[in-house]
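Values in this document were obtained by computation on a predicted structure and should not be read as measured data.
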Amino acid sequence: MSNAITSVIIASTSATAKVFVIGGIGYWAAASKSPILPPHALTPISKMNFNLLILPLIYATLASSVTPEKIGSLWFVLVSAFGVISLSFGVATLLGKLPFFRVENKIDFDALRIAAAFPNIVALPILIFPTLCEFAVVHDSFYTEGDDVNEEATQVEKYRSCVDQSNSMIFVYFFAWNFLYWVLGYETLVRAGSKRQIHNEETLSTETSVVHNTDDSFEAVNHHQQQQLEQEENGGLEGGVTPKVIENECTTGEEVAIPNEDEKTSVLRLIATALFKTISSPGFVAMILGFITACIPPLRDALFEPGGALRFFGSAMESLGSASSSVGTIIVAASLVHQANDDNIRDGREDSIEHDVNATQTHQHHNECESSDTIQQTQSTRRRSSMSQFGGMVRRRSSLALQSIRKLRKPTLQMHAWFITSRLIVAPAIVSLIIIGMDCGGILSDIPSLAKMVVIVNAGLPGAQLCVITLKSKGLTDSASIVAKVYLPSYLLSAVTIAAWTSIGLLVSIPDEDGNSFCNR
């Protein structure tokens, strides 16, 4: 028993370490002084990874490993995906109401609980499970299930079977994830991000209106005093400067009208739209083609059996797909770096601008003082200097107003604690307890153990990067910044939690040395 537990812990730790070694490389590639992955390169690389690498992986995995007999056992993964995502959303909502975890800003809360409900269930699992399957304690246990077991199978064949089955279950899980994202996640996320953007624009407008009202008063006083100075310098003659109308150059962004979806659309229409987007998505098309190929044995053998007539095409799909998990993990790590640094870059630019303004004002003041040859010129210079200093104060107040808005976007410690607790601890704990209870009650006796393992691991993964990408694609940078900054510590901490939940999943799924299941030990 102790040997089995040790093997499980080693397997889970190795699988998690592999993910974070690759992620560390992506982090370094984006965080170095001369980044190999600059921010502008991530979007095209991400699109390339999904369309050219992940889609071939989905097709090749399902087409080569799924048989008509196995399709019936995948219903548990599909139903569990709906249940786990809904449960995660409910856990995040309830924990967010507790005093210790309460998120005071409701707009941020609405966006973050969507991020807490939808984990990263593609890039990370397709790296974790192949590493797990390398260990004999894993691939031997999962291979012995089913009616098509080959007693003389080699370790390589068992490993390949374990990887193919796990990938098939991950992509079936992804179908339910994708459907719920369009039904529940997308609209809620965009609505919350739009409200946040409008709220920040209104707050900024209020702050800057005070500054510019003061600026208008300053211009009026400046104009009056400038006329007096020129009249004094010209001996009191007429010919002062013609008054100019000072226009307010500050324009706030137009408010985006957010339609009330409850009034304009019905629930049925929302579901129909989500179903259409899911069915028409490239990932779903690749899944359907994979299932069709799997159900036609001659075609499947020609593509994926050694010596098959179309083996060159099947091998090409497998080769492309094998690179997708590593590239995806690198992109996730690099995205976390650039998203967390977005505001720091902007603040640094503002500080530099403000410093240049102050330096210019100081230089002008110095030159004016040196050119004072008479008492009248000295008095005039001092008065101009005082007005210049006052103008600098107004500009600094405007800059401080912008910085105060940005500070509102920084997540609080309570926000981090709530997100990590709900996403990485409470939700997977409840899912594990439910599976253990159902398994011990005999309800899951006909369900493959690997399916239980996939559900438990997927329940404990950090949030999906698609939430940040969605907000950024809509120009909702304020909410995107909050979600990205909350993600960063959760991804770092997930190095520990993923290993823990993977170990629990293995202990629940695989039998001990005597062949006893978890409930009968």
Side-chain angles (χ1 to χ4, degrees), residues 5-27 77 80-81 84-85 87-88 91-92 115-135 137-138 142 162-163 166-167 169-170 173-174 177 324-326 328-333 335-336 416-417 419-436 449-467 486-510:
I5 295 176
T6 302
S7 299
V8 164
I9 295 175
I10 293 174
S12 59
T13 304
S14 299
T16 306
K18 174 184 176 180
V19 172
F20 282 89
V21 166
I22 297 174
I25 294 173
Y27 191 95
V77 178
S80 296
V84 169
I85 295 173
L87 175 66
S88 299
V91 167
F118 291 90
N120 189 338
I121 55 97
V122 175
L124 299 183
I126 58 179
L127 269 180
I128 293 172
F129 279 94
T131 306
L132 289 174
C133 291
E134 291 178 359
F135 291 86
V137 68
V138 177
F142 292 146
C162 178
V163 173
S166 62
N167 283 344
M169 294 173 182
I170 289 168
Y173 195 104
F174 176 68
W177 187 102
S324 62
S325 56
S326 298
T329 304
I330 289 174
I331 292 172
V332 169
S335 299
L336 290 172
H416 285 297
F419 188 86
I420 290 172
T421 303
S422 61
R423 173 67 264 150
L424 301 181
I425 299 175
V426 177
I430 295 175
V431 170
S432 299
L433 291 175
I434 291 175
I435 290 180
I436 291 173
S449 297
L450 185 57
K452 306 169 193 174
M453 173 74 181
V454 168
V455 172
I456 292 176
V457 172
N458 282 349
L461 298 173
Q465 283 292 310
L466 183 59
C467 296
V486 170
Y487 270 3
L488 184 56
S490 69
Y491 266 81
L492 295 176
L493 188 60
S494 67
V496 177
T497 58
I498 291 176
W501 293 119
T502 303
S503 299
I504 292 174
L506 287 172
L507 291 173
V508 171
S509 304
I510 64 177

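Looking at residues two or more places apart in sequence or on another chain, you find no side-chain hydrogen bond (donor to acceptor under 3.5 Å, both in side chains) involving Ser324. Checked against side-chain contact (heavy atoms from CB on, under 4.5 Å), Ala464 has the following partners two or more places apart in sequence or in another chain: Trp177. Here Tyr491 pairs with Asn120 under the side-chain hydrogen bond (donor to acceptor under 3.5 Å, both in side chains) rule; sequence neighbours left out. Applying the ring-ring contact (aromatic ring centres under 6.0 Å, His included) criterion to Phe129, with sequence neighbours excluded, gives no partner residue.
For the pair Ser509 (side chain) and Leu506 (backbone), a donor-acceptor distance under 3.5 Å is absent.
Between Pro428 and Arg423, the shortest heavy-atom contact is CD-O, 3.6 Å. Taking every heavy atom of both residues into account, Ser325 and Ile126 meet most closely at CB-CG1, 3.5 Å. The minimum heavy-atom distance between Ser422 and Ala92, with the atom names listed, is CB-CA, 4.0 Å. Scanning both residues, Ser490 and Phe419, for their nearest heavy atoms gives OG-CE2, 3.9 Å. Residues Pro125 and Ile170 come closest through the heavy atom pair CB-CD1, 3.5 Å. Residues Ala417 and Thr421 share a closest heavy-atom pair of O-OG1, 2.6 Å.
Atom CZ of residue Phe174 and atom CD1 of residue Ile121 lie 6.0 Å apart, to the nearest 0.5 angstrom. Taking OG from Ser503 and CG from Leu132, the interatomic distance works out to 9.0 Å, rounded to the nearest 0.5 Å. Distance OG/Ser335 to OH/Tyr487: 11.5 Å, rounded to 0.5 Å. Atoms OG1 and CG, from Thr16 and Leu124 in turn, are 9.5 Å apart once rounded to the nearest 0.5 Å. Atom-to-atom distance recorded for Ile128:CD1 and Thr329:OG1 is 9.0 Å, nearest 0.5 angstrom.
Within the 4.5 Å cutoff, no side-chain heavy atoms of Val508 are placed close to those of Ser432. Two residues are said to be in side-chain contact when any heavy atoms from C-beta on lie closer than 4.5 Å; Val91 and Ser88 fail this criterion.
Each of Val455, Val457, Val426, Asn458 was evaluated against Val431; a single residue qualifies, Val455, per the side-chain contact (heavy atoms from CB on, under 4.5 Å) test.
Applying the salt bridge (charged side-chain N to carboxylate O under 4.0 Å, His left out) rule to pairs touching residues 451-460 yields Asp439-Lys452, sequence neighbours excluded.
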Check: residues 18-27 side-chain donor-acceptor pairs under 3.5 Å, at least two apart:
from  : atom 1 : to     : atom 2 : distance (Å)
Lys18 : NZ     : Thr131 : OG1    : 3.3

